[in-house]
There are 2 protein chains.
Amino acid sequence: MRTGYQDIKADILDKIRQNLWPPGAYLPGEIELAQSYGCARATVNRAMRDLVDDGVLERKRKAGTRVKAVASQNARFAIPLVREEIEATGATYRYALVERQTRAAPGWLRARVQLDADTQVLELRCMHFADNQPFQLEDRWINLDTIPDARHQSFEAISPNEWLVREVPFSKADLSFAAINATPEMSDFLGAAPQDAVFMAERSTWMDHRNVTHARLYFHRGYRMMAQF
Amino acid sequence: MRTGYQDIKADILDKIRQNLWPPGAYLPGEIELAQSYGCARATVNRAMRDLVDDGVLERKRKAGTRVKAVASQNARFAIPLVREEIEATGATYRYALVERQTRAAPGWLRARVQLDADTQVLELRCMHFADNQPFQLEDRWINLDTIPDARHQSFEAISPNEWLVREVPFSKADLSFAAINATPEMSDFLGAAPQDAVFMAERSTWMDHRNVTHARLYFHRGYRMMAQF
DNA sequence: TAGTGGTCTAGACCACCCC
DNA sequence: GGGTGGTCTAGACCACTAA
């Protein structure tokens, strides 16, 4: 059997685990490794690039490849549509629009995502239910300068989340997560007790350096976000 | 200038944004694209594999390549050592061991990470400070069957986090995040008010299918975890 | 400036899996 | 069965950067 890039990855990881190549140590160059594995340089290259992607190795031209001194590995997680997240558990999804208004962008939002003073936004509040239990409360602001079409969307049948995914197929986003205490209003919507700890995700979405939308997602009591690496 | 794989990625993303290739649509095959870009098939292949990795495309042999119907993109975030996270902000890091004992693994932990009934664990409680302000409270259980050397480590000068990174250079991990209300004990350690919302990260680390350690990390009030995609 | 990784090519064989 | 993507090769040139 031939030596593939996955075999090489596994072998490198083995050597790291066995402390043959401790953190910070330099690995042999690609050419040398290719010879010892009996394969082409490109195959070694692919294996090592993969390991950089996984956060295991560091590479610099001329300097060489070394085991990352601190194994600050990269975790990945998928960000699905709320609907898909709910349906994946086998529960029935229901969406409801709570509030909708067009207004000038509030100051905190203008500062957060760098909007002009006169930018109009569509402000939405929605609820997402799983088997009729509150799952997520969504506060969202859509930049009407960037997405003027949103002005004519009622968002009564389709959630802004899904609509935007269709309208803006690809974009960049910043994400952050935090724990906050429920306000009385949030408690009402989420069926939580006053002061309950709420998991919040905040997301800004961008397209070509222009802000598309900003959202604050408040999850039901006990929600857990999972990731792996 | 030659057409590189990054140019091809950019071009594909452009076409998706312009809705020339809407979600669910099939792209031309690699050979056809290679001809139209005037480059080798391997170059197109690399670009498209990258986009699969980014969560933009889906590929199946024989079927072809299509734009992911739902853009459930992959977010990535790095998980650094607490010390590095703190020092990156310019603050001074301080570590303190609060408690240390060897005991049989508690039932919830045995169930969580599949341990035998008689497994011994080293139970640790530590504090991490940023400029002498409480930053993180860490509850940790180290599996002594897997990592017997931990038994002889005092963990008074070095945090289990850093020690384990050195001892177990590479491993797999599960991660989850949640918001919880502070217990009185947590409030004491973190300087939080009773019932304050606390951001919690829980992590299990594995090596060759054997559990290495389990940790619960409680962050200071107002902590935000950031990610991008 | 010399050595290392980054990328590309043209061709090849193969595994998978939809039709 | 046949078309698609997955992978590998042997060679080449290039870009970056540490020494």
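Proteins get letters first, then strands, A, B, ... in listed order; numbering begins at 1 in each.
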**Report entry** Check: A/P160 and A/C126 side chains under 4.5 Å, non-hydrogen atoms
**Finding:**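 The answer is yes, as the side chains (C-beta and beyond) meet within the 4.5 Å cut-off.
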With sequence neighbours left out, write down each residue that passes salt bridge (charged side-chain N to carboxylate O under 4.0 Å, His left out) with [X], or none if nothing qualifies.
X	answer
A/D131	none
A/K62	none
B/E30	B/R41, B/R59
A/E87	A/R83

Qualifying residues under ring-ring contact (aromatic ring centres under 6.0 Å, His included), relative to [X], sequence neighbours excluded:
X	answer
A/W163	A/F155
A/F177	A/F77, A/F199
A/Y5	none
B/H220	B/F135, B/Y223

So which of B/R216, B/R203, B/R125 actually passes salt bridge (charged side-chain N to carboxylate O under 4.0 Å, His left out) with B/D139?
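Exactly one pass, corresponding to B/R125.
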With nearest nucleotide decided by heavy atoms, which residue, B/I31 or A/Y5, maps closer to the 5′ end of DNA chain D?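 Nearer the 5' end of the strand: B/I31.
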Q) Which comes earlier along DNA chain D counting from the 5' end, the contact point of A/Q6 or that of B/G64, where each point is its nearest nucleotide? A)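 Nearest nucleotide further toward 5': that of B/G64.
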Return the residues of residues 36-44 of chain A meeting this criterion: a heavy atom under 4.0 Å from some atom of DNA chain D. Order them by number, or give none.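 Of all residues in residues 36-44 of chain A, the ones placing a heavy atom under 4.0 Å from DNA chain D are A/C39, A/A40, A/R41, A/A42, A/T43.
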I'd like to know if the side chain of B/N143 pairs up with that of B/R210 as donor and acceptor (distance under 3.5 Å, no hydrogens or angles considered).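 Side chains of B/N143 and B/R210: no pair found under 3.5 Å.
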Worksheet entry | Under 3.5 Å side-chain donor-acceptor pair for A/E85 and A/H128 |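 Result is no, nothing qualifies.
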**Report entry** Cation-pi check, B/K172 onto B/W206 ring (under 6.0 Å, within 45° of axis)
**Finding:**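 Cation-pi check for B/K172 and B/W206: fails.
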What are the atom names and distances for every N/O pair under 3.5 Å that joins the protein to nucleotides 15-19 of chain C?
from, atom 1, to, atom 2, distance (Å)
C/dA15, N3, B/R61, NE, 3.2

Where chain B begins and ends its contact with DNA chain D, read 5' to 3' at 4.0 Å from heavy atoms: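 Range of nucleotides touched by chain B: D/dG2 to D/dT7.
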Bend across the helix from C/dT1-D/dA18 to C/dC18-D/dG1, to 10°, with axes taken over 5 pairs at each end?
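The two end axes of the helix from C/dT1-D/dA18 to C/dC18-D/dG1 meet at 20°.
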